[in-house]
Amino acid sequence: MIGTRGVLAVMAGAVMTAGLIAAQTERRLLGTWLTMVGFVFASMWSIMSIFWAQSNPSPLEPESWMLLSSMAVSATVYFGYLGLYGDGLGE
């Protein structure tokens with residue numbers, strides 16, 4: 001059975017893939033926004049992983065999950081600003 005973290009990981013992957021496909025077409029701004037939403041899901045997944053790793057066996061230490069979380073949040077902010085200023089992926 002897939003848990004909440006698994007659902008977030010699948011959603012992040014699906015939305016980011018849709019964003020990259022949209023960026024290859026004429027809808028580059030839509031691709032930017034979809035990529036940002038994908039990184040929002042990735043941020044939630046990695047933040048949940050910090051707490052999960054504290055009480056369960058994990059391939060990474062909680063500190064490593066924090067680094068991964070900070071990268072996902074940074075990407076969310078980056079693609080959010082690109083979208084706000086009207087810059088699509090690849091422009």
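Heavy atoms only: backbone and side chains are in, while hydrogens, waters and symmetry mates are out.
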Colleague: Report, one line per pair, each donor and acceptor closer than 3.5 Å where one atom sits in a side chain of residues 19-26; sequence neighbours left out.
Modeller:
{"residue": "T25", "atom": "OG1", "partner": "A22", "partner atom": "O", "Å": "2.7"}
{"residue": "T25", "atom": "OG1", "partner": "R27", "partner atom": "N", "Å": "3.3"}

Colleague: Any idea which heavy atoms bring T32 and G83 closest together, and the distance?
Modeller: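 Looking at all heavy atoms of both residues, the shortest contact is CG2-N, 3.6 Å.
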
Colleague: Is there a side-chain contact between L34 and M16 in this structure, where contact means two heavy atoms from C-beta onward sitting under 4.5 Å apart?
Modeller: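 No, too far: nothing below the 4.5 Å cut-off.
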
Colleague: For Q54, is there any backbone N or O sitting under 3.5 Å from a side-chain donor or acceptor partner on S58?
Modeller: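 No; zero donor-acceptor contacts below 3.5 Å.
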
Colleague: How far apart are the closest heavy atoms of M36 and G80, and which atoms are they?
Modeller: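 Where M36 meets G80 most closely, the heavy atoms are CG-N, 3.6 Å.
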
Colleague: Listing request: all ring pair (Phe, Tyr, Trp, His ring centres under 6.0 Å) pairs with a residue in residues 5-46, at least two apart in sequence or in separate chains.
Modeller: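 Pairs touching residues 5-46 that pass the test: F39-F79, W45-W65.
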
Colleague: State plainly whether one hydrophobic cluster holds both M71 and W52, where clusters connect Ile, Leu, Val, Met, Phe, Trp and Tyr through side-chain heavy atoms under 4.5 angstrom apart.
Modeller: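 Per the 4.5 Å side-chain linkage, M71 and W52 are not co-clustered.
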
Colleague: First locate atom OG1 of T4, then atom CE of M48, and finally report the distance between them rounded to the nearest 0.5 Å.
Modeller: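 Rounded to the nearest 0.5 Å, the OG1-CE separation comes to 5.0 Å.
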
Colleague: I'd like to know if the side chain of S69 reaches the main chain of S46, judged simply by a donor and an acceptor atom lying under 3.5 Å from each other, with no hydrogens or angles considered.
Modeller: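 Checking the backbone N and O of S46 against the side chain of S69, a donor-acceptor pair under 3.5 Å is found.
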
Colleague: Check the hydrophobic clustering (I, L, V, M, F, W, Y; side-chain heavy atoms under 4.5 Å; chains of links allowed) and say if L30 and Y78 are grouped together.
Modeller: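 Same cluster: L30 reaches Y78 through Ile, Leu, Val, Met, Phe, Trp or Tyr contacts under 4.5 Å.
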
Colleague: Between F51 and V73, is there a shared hydrophobic cluster once you connect ILVMFWY residues whose side-chain heavy atoms come closer than 4.5 Å?
Modeller: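 Cluster IDs for F51 and V73 differ.
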
Colleague: Could you measure the distance from the CG atom of L82 to the CZ atom of R28? Nearest 0.5 Å is fine.
Modeller: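 The distance works out to 13.0 Å.
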
Colleague: Would you say I47 and L60 are hydrophobically clustered, going by side-chain heavy atoms of ILVMFWY under 4.5 Å?
Modeller: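 Looking at the clustering, L60 is in a separate group from I47.
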
Colleague: Give, for atom CE of M44 and atom OG1 of T76, the distance between the pair rounded to the nearest 0.5 Å.
Modeller: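 With rounding to 0.5 Å, CE (M44) is 9.5 Å from OG1 (T76).
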
Colleague: Report yes if some heavy atom in the side chain of I2 is under 4.5 Å from a heavy atom in the side chain of V10; otherwise report no.
Modeller: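 The answer is yes, as the side chains (C-beta and beyond) meet within the 4.5 Å cut-off.
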
